Amino acid sequence: MTRKNYFYDRLSFLVKKSGKSMNCVEHELNYPRNALSNYKNSTMPSAIRLLEISRYFGVSPEYMLGLDENTRPEKRQVSFSTLSFDQKIEMYENAVRWMMTEATSKNVSQK
């Protein structure tokens, strides 16, 4: 019976969600090439590496190991450095739209 590799599944999901490649994430974490891809073979990271990867993506180690379904509800804040350029632009555009909507609604309510 094959055991599900929650760590690699969640790692792959978070890498894809970040808009980066595994190699890019490895580079940013100062890991050797293919260090993250090697976890596909059901090997587990060391405790230090588990914490580094969890912090990088802003999730709990428990989430990475499949022990918790919530990434970390009390701290859902995304680290800006983990976003791709396109995601940063999208965040900026959303913030501008929100600010314009807020400013417009406040001006209307003050009249």
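No experiment lies behind these values; they were computed from the predicted model shown.
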Co-membership, hydrophobic cluster, residues Leu51 and Val59, 4.5 Å side-chain = no

message = Please check: side-chain N/O of Asn5 versus main-chain N/O of Tyr39, any donor-acceptor pairing under 3.5 Å?
response = yes

task = Can you establish whether the number of heavy atoms outside Arg97 located under 6.0 Å from its atom CZ is more than 12?
result = yes

ask   = For the hydrophobic clusters of this structure (ILVMFWY residues joined by side-chain heavy atoms under 4.5 Å, transitively), does one cluster hold both Leu67 and Phe13?
value = yes

ask   = What's the spacing between Tyr6 OH and Met44 CE if we round to 0.5 Å?
value = 11.5 Å

request  = Apply the test side chain to side chain contact (heavy atoms under 4.5 Å, CB included) to residues Leu11 and Phe57: give CA-CA distance (whole Å), side-chain angles for both, the deciding distance (0.1 Å), then the verdict.
outcome  = CA-CA 9 Å; Leu11 174 64; Phe57 289 110; 3.9 Å; yes

task = Could you walk me through whether Cys24 and Glu28 pass side chain to side chain contact (heavy atoms under 4.5 Å, CB included), step by step?
result = CA-CA 6 Å; Cys24 179; Glu28 290 179 358; 3.6 Å; yes

inquiry  = Please determine whether side chain to side chain contact (heavy atoms under 4.5 Å, CB included) holds for the pair Tyr56 and Val25, giving the CA-CA distance in whole Å, both sets of side-chain angles, and the decisive distance to 0.1 Å.
reply    = CA-CA 9 Å; Tyr56 178 86; Val25 174; 3.7 Å; yes

note = Closest heavy-atom pair, Arg49 versus Pro45, reported as atoms and distance to 0.1 Å, is CB-CB, 4.1 Å

message = I need the Lys20 NZ to His27 NE2 distance, nearest 0.5 Å.
response = 10.5 Å

inquiry  = Nearest 0.5 Å, please: how far is CG in Leu36 from CD1 in Ile53?
reply    = 5.0 Å

ask   = Is a side-chain N or O of Arg10 found less than 3.5 angstrom from the main chain of Tyr63, in a donor-acceptor match?
value = yes

task = Look only at the side chain of Glu26 and the backbone of Ala35, and say whether a donor-acceptor pair between them is shorter than 3.5 Å.
result = yes

request  = Using a 4.5 Å cut-off on heavy atoms from C-beta on, say whether the side chain of Val15 contacts that of Ser21.
outcome  = no

message = Are Ile89 and Trp98 connected into the same hydrophobic cluster when the rule is that any two of I, L, V, M, F, W, Y join if their side-chain heavy atoms are below 4.5 Å apart?
response = no

ask   = Quick one: does Gln87's side chain have a donor or acceptor within less than 3.5 Å of a partner on Lys17's backbone?
value = yes

query = In Å and rounded to the nearest 0.5 Å, what is the OG to CG distance from Ser54 to Leu50?
reply = 4.5 Å

ask   = Can Lys40 and Ser12 be said to form a side chain to side chain contact (heavy atoms under 4.5 Å, CB included), step by step?
value = CA-CA 9 Å; Lys40 187 175 188 175; Ser12 297; over 6 Å; no

